[in-house]
Amino acid sequence: PVYVYDGDLLRAQCRALSAACGDYPHAMHYAIKANATLAVVRLMREEGAAADANSGGEIEVALRAGYAPDQIVFTGVGKSRAELARAVSLGVKAINAESPGEVERIAAIAAGLGTVARVAVRINPDVDAESHPHISTGLRSNKFGMSVDAARAMVRDIGTHPSLKIVGLHAHIGSQITKTAPLSRAAETLADLALSLRAEGVPLSHIDIGGGLGIAYQTGQAVISPQDYAAAILPPIRRTGLTLVLEPGRWIVGPAGTLVTSVVDLKTQVVGAGEPPRWFVIADAGMTDLIRPALYGAWHEIEALQPRPGTARLCDIVGPVCETTDTLGSGRLLPPVEVGDLLAVRDAGAYGAVMASNYNRRTAPAEVLV
Ligand code: LLP
């Protein structure tokens with residue numbers, strides 16, 4: 001199996017999202033978690049995007065791709081002491097702190113190193129992103145960020161540490177968001193808090209709205225355009241005059257990636273009297289290459305790359321892994337295919353290769369940037 005990325009589309013997506021913010025001061029920090037392949041991250045840097053890292057490993061990817069530390073924001077709900085020490089000693093643009101305990105750890109590390117760490121506070125705005133529950137992060141019941149009141153207390157605490165500098169506020173309410181209302185509610189909450197902190201004399205330089213913009217995995221699926229997105233988040237941010245930081249991942253790389261897999265076997269199973277048989281198309285890619293269908297019940301369009309003539313029929317396109325959930329798509333209409341034929345699994349550029357595993361001791365899929 002091979003992931004193929006369309007470099008022109010990656011560049012176009014990057015530009016379109018930035019253009020939607022118009023001349024309002026903004027910094028786009030590409031969310032490396034969506035696709036950490038060096039060639040892709042380098043291309044983002046060439047396009048002028050900065051970086052959002054979610055682990056020490058992603059910080060190393062950003063550095064290898066040529067980013068300077070002050071172009072990296074570091075987020076994550078469970079940063080280890082070693083990861084924090086690396087981020088502080090590098091001097092990243094902002095560590096998005098998720099708890100009072102983390103603030104104390106950053107302060108101690110920075111004091112020990114005789115430096116000042118730039119910190120932003122991640123708030124949990126208690127907003128339902130109305131996405132899949134597994135990838136919604138903005139509710140009080142989720143592990144992410146702190147409530148507005150707790151965040152305000154954290155900001156005040158940061159002000160008492162000579163080794164810390166507060167630079168911003170952060171929120172990320174979820175991924176694959178297809179409605180504007182939750183995003184504008186999150187932006188309003190961030191803007192209100194920023195304004196009230198300013199009234200207290202706390203100087204901030206940016207508001208980071210996170211990522212989350214969804215894409216159409218199925219033809220005709222209703223999504224938000226970059227223009228709708230900007231129209232939802234910019235008015236509240238504009239009230240503050242602060243630089244807007246965005247952390248898009250999926251919207252940029254998702255549509256630009258295709259997983260190409262070949263058919264390794266075909267079979268029919270008789271299910272029961274009076275029921276049509278099931279047609280299984282067994283591919284050489286499965287949940288170890290693309291886990292989204294198995295993990296979230298996600299839909300990816302699947303096409304035969306060189307369709308053969310004949311009547312299309314409903315098939316289950318499955319992988320080689322020893323689990324029934326190892327299904328790329330069930331009940332899909334495919335033209336006749338034969339062993340060796342290639343299938344394209346679309347919109348797999350985000351959270352595809354990065355979530356691959358070696359389960360069944362399978363090797364990682366290849367990746368190619370075109
Ligand atoms: N910023 C933070 C703090 C995040 O946690 C995420 C994604 C992003 C930015 C980028 O969000 P995006 O623009 O890509 O929606 N594996 C799941 C998605 C998990 C998203 C995790 N956080 C999937 O395959 O749908």
Side-chain angles (χ1 to χ4, degrees), residues 7-32 34 41-52 62 65-73 75 92-94 96 118 120-123 125 165-173 177-199 202-215 223-256:
D8 287 344
L9 186 53
L10 280 170
R11 289 183 195 277
Q13 295 288 95
C14 212
R15 287 176 197 173
L17 198 48
S18 188
C21 296
D23 52 13
Y24 190 79
H26 64 280
M28 207 161 80
H29 284 250
Y30 165 64
I32 292 178
V41 182
R42 284 195 181 118
L43 193 144
M44 293 295 135
R45 190 175 60 80
E46 280 171 30
E47 278 301 312
D52 162 37
Y67 281 108
D70 68 0
Q71 294 176 296
I72 303 170
V73 294
T75 317
V92 298
K93 169 169 163 170
N96 291 327
R118 289 186 286 256
V121 170
R122 179 168 183 175
I123 70 160
K165 177 172 162 50
I166 180 79
V167 292
L169 298 175
H170 174 248
H172 168 81
I173 59 168
I177 299 172
T178 56
K179 295 183 181 148
T180 52
L183 289 162
S184 60
R185 272 205 298 280
E188 291 284 355
T189 307
L190 284 164
D192 290 346
L193 180 58
L195 288 172
S196 92
L197 286 167
R198 180 184 296 161
V202 178
L204 298 172
S205 47
H206 70 253
I207 290 185
D208 182 342
I209 188 73
L213 189 54
I215 60 171
V223 288
I224 314 172
S225 70
Q227 290 70 27
D228 299 336
Y229 179 65
I233 58 174
L234 273 181
I237 307 296
R238 215 180 274 282
R239 286 196 278 124
T240 69
L242 296 173
T243 298
L244 170 67
V245 170
L246 312 163
E247 300 173 352
R250 184 190 318 264
W251 199 84
I252 292 178
V253 289

TODO: Mind running side-chain contact (heavy atoms from CB on, under 4.5 Å) on Val121 and Leu193 for me, showing each step along the way?
DONE: CA-CA 11 Å; Val121 170; Leu193 180 58; over 6 Å; no

Open item on the list: When you measure from the side chain of Thr243 to the backbone of Pro25, do you find a donor-acceptor pair of N or O atoms at a distance under 3.5 Å?
Closed with: no

Task: Expected output: side-chain Tyr229 to main-chain Ile224 donor-acceptor under 3.5 Å - done: no

Open item on the list: Using every non-hydrogen atom in the two residues, find where Pro255 and Leu9 come nearest and quote the distance to one decimal.
Closed with: O-CD2, 3.6 Å

Open item on the list: Can you give me the closest heavy-atom contact between Trp251 and Ala16, atom names plus distance?
Closed with: CH2-CB, 4.0 Å

Open item on the list: Using a 3.5 Å distance criterion without hydrogens, assess whether the side chain of Arg118 forms a donor-acceptor pair with backbone atoms of Asp70.
Closed with: no

Open item on the list: Working to the nearest 0.5 angstrom, can you tell me the gap between Arg198 CZ and Thr240 OG1?
Closed with: 6.0 Å

Open item on the list: Out of the candidates Leu244, Val245, Asp52, Ile252, only one should pair with Met28 under the side chain to side chain contact (heavy atoms under 4.5 Å, CB included) rule; please name it.
Closed with: Ile252

- [ ] Please step through side-chain contact (heavy atoms from CB on, under 4.5 Å) for the pair His172 and Asn96, ending with a clear verdict.
- [x] CA-CA 11 Å; His172 168 81; Asn96 291 327; over 6 Å; no

TODO: Show the numbers, then the answer: is there a side-chain hydrogen bond (donor to acceptor under 3.5 Å, both in side chains) between Lys93 and His206?
DONE: CA-CA 11 Å; Lys93 169 169 163 170; His206 70 253; 5.2 Å; no

Task: Min side-chain heavy-atom separation Arg11-Leu43 under 4.5 Å - done: yes

Task: Polar contact flag, side-chain donor to acceptor under 3.5 angstrom, Asp192-Thr189 - done: no

TODO: Specify the closest pair of heavy atoms between Ala171 and Leu190, including all atoms of both residues, with the distance to one decimal.
DONE: CB-CD1, 3.8 Å

- [ ] Determine yes or no for a side-chain-to-main-chain donor-acceptor pair under 3.5 angstrom, with Arg15 supplying the side chain and Glu47 the backbone.
- [x] no

Task: Heavy-atom closest contact (Ile233 atom, Ala187 atom, distance) - done: O-CB, 3.9 Å

TODO: Might you point out which heavy atoms bring Ser184 and Pro236 nearest each other, and give the distance in Å?
DONE: O-CG, 4.4 Å

TODO: Using modelled atom types only, decide if a donor and an acceptor are shared between the side chain of Gln13 and the backbone of Val253 within a distance under 3.5 Å.
DONE: no

Task: Distance in Å, Leu204 CG paired with Leu197 CG, rounded so as to fall on 0.5 Å steps - done: 6.0 Å

TODO: Answer whether the closest heavy-atom distance between the side chains of Leu213 and Leu246 falls below 4.5 Å.
DONE: no

TODO: Could you list the residues that satisfy side-chain hydrogen bond (donor to acceptor under 3.5 Å, both in side chains) with Arg42, not counting sequence neighbours?
DONE: none

Open item on the list: Whether the side chain of Arg239 engages the backbone of Ala191 through a donor-acceptor N/O pair (distance < 3.5 Å, no angle test) should be reported.
Closed with: no

Open item on the list: I'd like to know if the side chain of His170 reaches the main chain of Asp208, judged simply by a donor and an acceptor atom lying under 3.5 Å from each other, with no hydrogens or angles considered.
Closed with: no

Task: Heavy-atom closest pair, residues Ala49 and Tyr30 - done: CB-CB, 4.4 Å

- [ ] Decide yes or no for His29 and Thr75: does some side-chain heavy atom of the first lie under 4.5 Å from some side-chain heavy atom of the second?
- [x] no

Open item on the list: Using only atom types and a distance under 3.5 Å, with no angle test, would you say the side chain of Tyr24 pairs donor to acceptor with the backbone of Ile237?
Closed with: yes

- [ ] Could you tell me whether the side chain of Pro125 reaches within less than 4.5 Å of the side chain of Arg185, counting heavy atoms only?
- [x] no

